[in-house]
Every structure is written in structure tokens, then in C-alpha cells.
Amino acid sequence: MPLALLALAVGAFGIGTTEFVMMGLLPDVADDLRVSIPTAGHLVSAYALGVVVGAPLLAAATARMSRRRVLVALMGLFTVGNALSAFAPDYHWLLAARFLSGLPHGAFFGVGAVVAANLVAPERKARSVSRMFLGLTVANVVGVPVATLMGQHFGWRATFLGVSAIGLAAIASLLLLIPHDHAHAPAVGLRGELAALRSLPVWLAQATTVAGFAALFSAYSYITPMLTDAAGFAHGSVTLLLALFGVGATAGNLLGGRLSDHSLRGTLFGGLTALVVVLAFFPVLMAAQWSAAVAVILLGAAAFITGSPLQLMVMEKAAAAPSLASSANQAAFNLANAGGAWIGGLALAAGLGVTSPALAGAALAVLGLAVAALAYAVDHRRGAASTGRERLVAGHVPEQQGAVRH
């Protein structure tokens, strides 16, 4: 694998750290800025909103630029946003800074996935994309716990200064390691990029992303009460258990990348099926502490097996102009985050039990399988129609040539 993937992974590590660390810092931020914890929770939403807004807009605005230059500029915006977070004088400034920090998230992963796929031979594309996403999953194992401890011991502002330093390291890595010949400006302009989003296969691929990852976040958003109330863990153990989720996600991401290079759709269907099974058995697995720990690992692995194939599928369906479609898929991930948490919350509010969000997630994973099956049927029908037209043309050509010769 090219060394340039390390630069993309460093950027992904910084983004993953700043996205998830706010959950662990909410009490400290709320206390320091004198707001309630629910109000401080809007800082998480502000970041997610920035991702959803920034992913398509920034990808569209930079459609004619060199992808290497785009990645550096996006990481620069990310670094500035985190530095402003560190020096925010009050809650509203911090809210704006978190929104700004989220803007480059989706476009970085979207454009970065295109660059990663172009760095290697076609039969290794999914593996290459998974290496970039490795930074995101490792952030859950190392970055978030370390950044949370830093915030608790040195103040939450120190955490965002640390993330800014990671951003600067990512910029230096991108400038040094991303080759110019694999990061040229795309031949199509903004109009070509926008045309890619009108394709039905692209929309079906992104709908699969929304349903599949909403299944994950329906359960993961409420994993703490499941672990404490159902499995009986102490609150102090939750951080370690969430690191186990990161371990599972890292393993699933690497496995999904390797398998997708052999069978893209097979890996996607297998991952979604595994997610259905894990979530369906979650209430049973939460009955004992050892099985609950195993469930957390399996949840991360099953969900992130599908990450690389979903990203690569969107890129392939928009092969003429992949950057905008790939970035829009990152917005779909964050819509899944918000939607899954909302649906899991509805199950809890209905009084269905502390593990009911996992069962709601299983239903969403089934929906994801159904959308993936529909996408396969559409592709199969289009492929059959294309083959039929080719045979029809091939059948007429010799006949016409024979008539001329005769």
C-alpha cells in the first residue's frame, strides 16, 4: 500500500477524534461555559450539521481544483475550526466553531476516498479506501480516550489545541506524501459532478448507507445505558468498553476492505446480514457482562465491514464524477447518525426496554438489506438491457455488411 495513504489516515484520525471527543467532554464544557448539559449537547449537533452542509457544498465548490490542493485546504479549515474552538470566549462562539470544524469532514473523506482508490490497482481499491478509514476507527480506540483524559486533566480547551496540532501534522503529511500525478484536477466540472447525483444507482447506494448506519447508531447512541442498566457495568467501565467498540470497528474496516476487493456486493450483503443478527441478539447478549463486551466488539465489526463497500459503490456508480457523490455519501453517514439516534430514542420513549434501540436497529438493518437488494436488481436489469442492445447491434452489422457486398 502506498505511503500516501498514511497522510490520509492521519487526517482521518484527527477528524474522528474531534467528532467523538465532545461526548466525553460535555460535563466539563457545560460547567465551564455555565450552560446545561442538554444545551451543551447542541455542540455535537452543530458539528454533524456542519458535515451535512459542508460535504456537498465544498466538494462542488472545489470540483475543478487539484485534489491534493483540496485535501490540504480542507485540513486547513479543520485546523482553524478546532483552534477557534480552543479559544472560544463563550458558548455561542464555540457552537459556531464546532459547525466550522464539521464543514470539511465529509468533503475530506469523500475526496480522500477518490484519491486513495486512484493510488492503487483496480483490484485493490477497496483495501486502499479501508486504509484511509483506518484513521477514523483507530481514533475511537486511541484518539478519543486520550483526548478525553487530556480534557479532564488540563481543561477541554487543551483537547482542541491537541486536535489542531494533529491537523497541522496532517497538512504536512499531505504536502509531502500525496503525489501530484494521482491528485490532478478532474476532467469534468461542476455540472458533471452534479449530474452524477441524478443517477438512480447512486441514490440507492446512499439510501443503503443511511439505512445501514442508522441501524448502528440506533443502538450505539444508547450503548451506555444498555451496558450499565442491562449488563450491570459501572459507569467508569464504559470508556474501556467503547474502546472495544473501536477495536471491533477497526477489524471490521480492514476485513471489509480486503473482502470487497474480491466481492463488493457479497461483502455488503454479508456485513448487513451480520449486523441484523448482532442487533437482534443484543438483548440476550446484554444479560451477562462477558457477552455484553463481546456484543460491543461484534457491533463495531459488523457495522464497519460495510463502510468500504458502501463508499466504493457510490464512487463506481458515479465513475464519471466521483468526488461530489463520494462526499455526499459522507453526509449520508451523518444523516444516519441523527436518524438512528432519533429512532432508537423513540423505542426507549415507548417504554419497550433499555435494549429496545438495538431491536429498532435490527429492523433498520433489514431495511438496508432490502434497499441493497433493490439496487442489485436495478443494476442487473440495466446490465441485461445493455447486453441486449449490444447483441442487437452486433446482430445487425454483419447482415448490413453482407447486403452491401451482395
Side-chain angles (χ1 to χ4, degrees), residues 11-59 61 73-110 136 139-140 143-144 146-168 170 217 220-222 224 242 327-328 330-342 344-345:
F13 178 82
I15 289 175
T17 300
T18 202
E19 179 180 16
F20 293 107
V21 76
M22 183 55 75
M23 287 78 158
L25 296 178
L26 280 183
D28 303 275
V29 173
D31 183 59
D32 185 50
L33 299 181
R34 298 179 181 178
V35 297
S36 66
I37 288 182
T39 300
H42 295 158
L43 297 167
V44 178
S45 303
Y47 184 92
L49 181 61
V51 178
V52 174
V53 172
L57 288 183
L58 291 179
L74 291 171
M75 192 49 58
L77 181 60
F78 167 83
T79 303
V80 169
N82 281 279
L84 290 175
S85 296
F87 294 106
D90 57 36
Y91 169 76
H92 294 98
W93 278 98
L94 182 57
L95 194 71
R98 287 291 291 171
F99 176 81
L100 182 66
S101 300
L103 286 175
H105 175 130
F108 182 87
F109 278 108
L136 180 64
N140 284 282
V144 173
V146 170
T148 301
L149 288 174
M150 183 186 297
Q152 291 171 349
H153 286 84
F154 303 106
W156 62 269
R157 297 180 188 275
T159 294
F160 291 109
L161 284 177
V163 174
S164 299
I166 297 173
L168 291 174
F217 286 110
Y220 188 65
S221 300
Y222 304 96
T224 297
L242 295 184
S327 299
Q330 293 301 311
F333 278 114
N334 279 267
L335 286 174
N337 188 338
W342 177 66

With a 4.5 Å heavy-atom cut-off, do T159 and F154 have their side chains touching?
no
Just say parallel, tilted or perpendicular for the rings of F109 and H105, cut-offs at 30° and 60°.
tilted
Enter the distance from F99:CZ to L95:CG here, rounded to the nearest 0.5 Å.
9.5 Å
Could you tell me the separation between the CG atom of D32 and the CG atom of D90, rounded to the nearest 0.5 Å?
11.0 Å
For N337 against F217, the heavy-atom pair lying closest together
CA-CD1, 3.5 Å
I would like to know whether F333 and V51 meet side-chain contact (heavy atoms from CB on, under 4.5 Å); could you show each step before the answer?
CA-CA 9 Å; F333 278 114; V51 178; over 6 Å; no
Heavy-atom closest pair, residues V21 and A147
CG2-CB, 3.5 Å
Verify whether the ring centers belonging to Y91 and H42 lie closer than 6.0 Å.
no
Least distance between heavy atoms, A107 atom then A59 atom:
CB-N, 4.3 Å
Side-chain heavy-atom pair L103, L100 within 4.5 angstrom cut-off
yes
Any side-chain heavy-atom pair from W93 and L84 closer than 4.5 angstrom?
no
What distance separates F13 CZ from T18 OG1, expressed to the nearest 0.5 Å?
11.5 Å
With the side chain counted from C-beta on, respond yes when M75 and F108 share a heavy-atom pair under 4.5 Å apart, and no when they do not.
yes
Of all heavy-atom pairs linking A55 and S327, the shortest is CB-O, 3.3 Å
Quick one: are Q330 and V52 in side-chain contact, heavy atoms under 4.5 Å?
no
Would you call M22 and F160 a side-chain contact if the rule is heavy atoms closer than 4.5 Å?
yes
Check E19 against R98 and note the closest heavy-atom contact, atom names and distance.
O-NH2, 3.9 Å
Side chains of L161 and F87: does their closest heavy-atom pair fall under 4.5 Å?
yes
So, the side chain of Y222 versus the backbone of A341: is there a donor-acceptor pair under 3.5 Å, distance only?
yes
Over all atoms of both residues, closest heavy-atom pair of N82 and S101
N-OG, 3.4 Å
Could you measure the distance from the CG atom of L242 to the OG1 atom of T224? Nearest 0.5 Å is fine.
5.5 Å
Would you check, one step at a time, whether the test side-chain contact (heavy atoms from CB on, under 4.5 Å) holds for L77 with L58?
CA-CA 11 Å; L77 181 60; L58 291 179; 4.2 Å; yes
Does any part of the side chain of L94, heavy atoms only, come nearer than 4.5 Å to the side chain of V29, both counted from C-beta?
yes
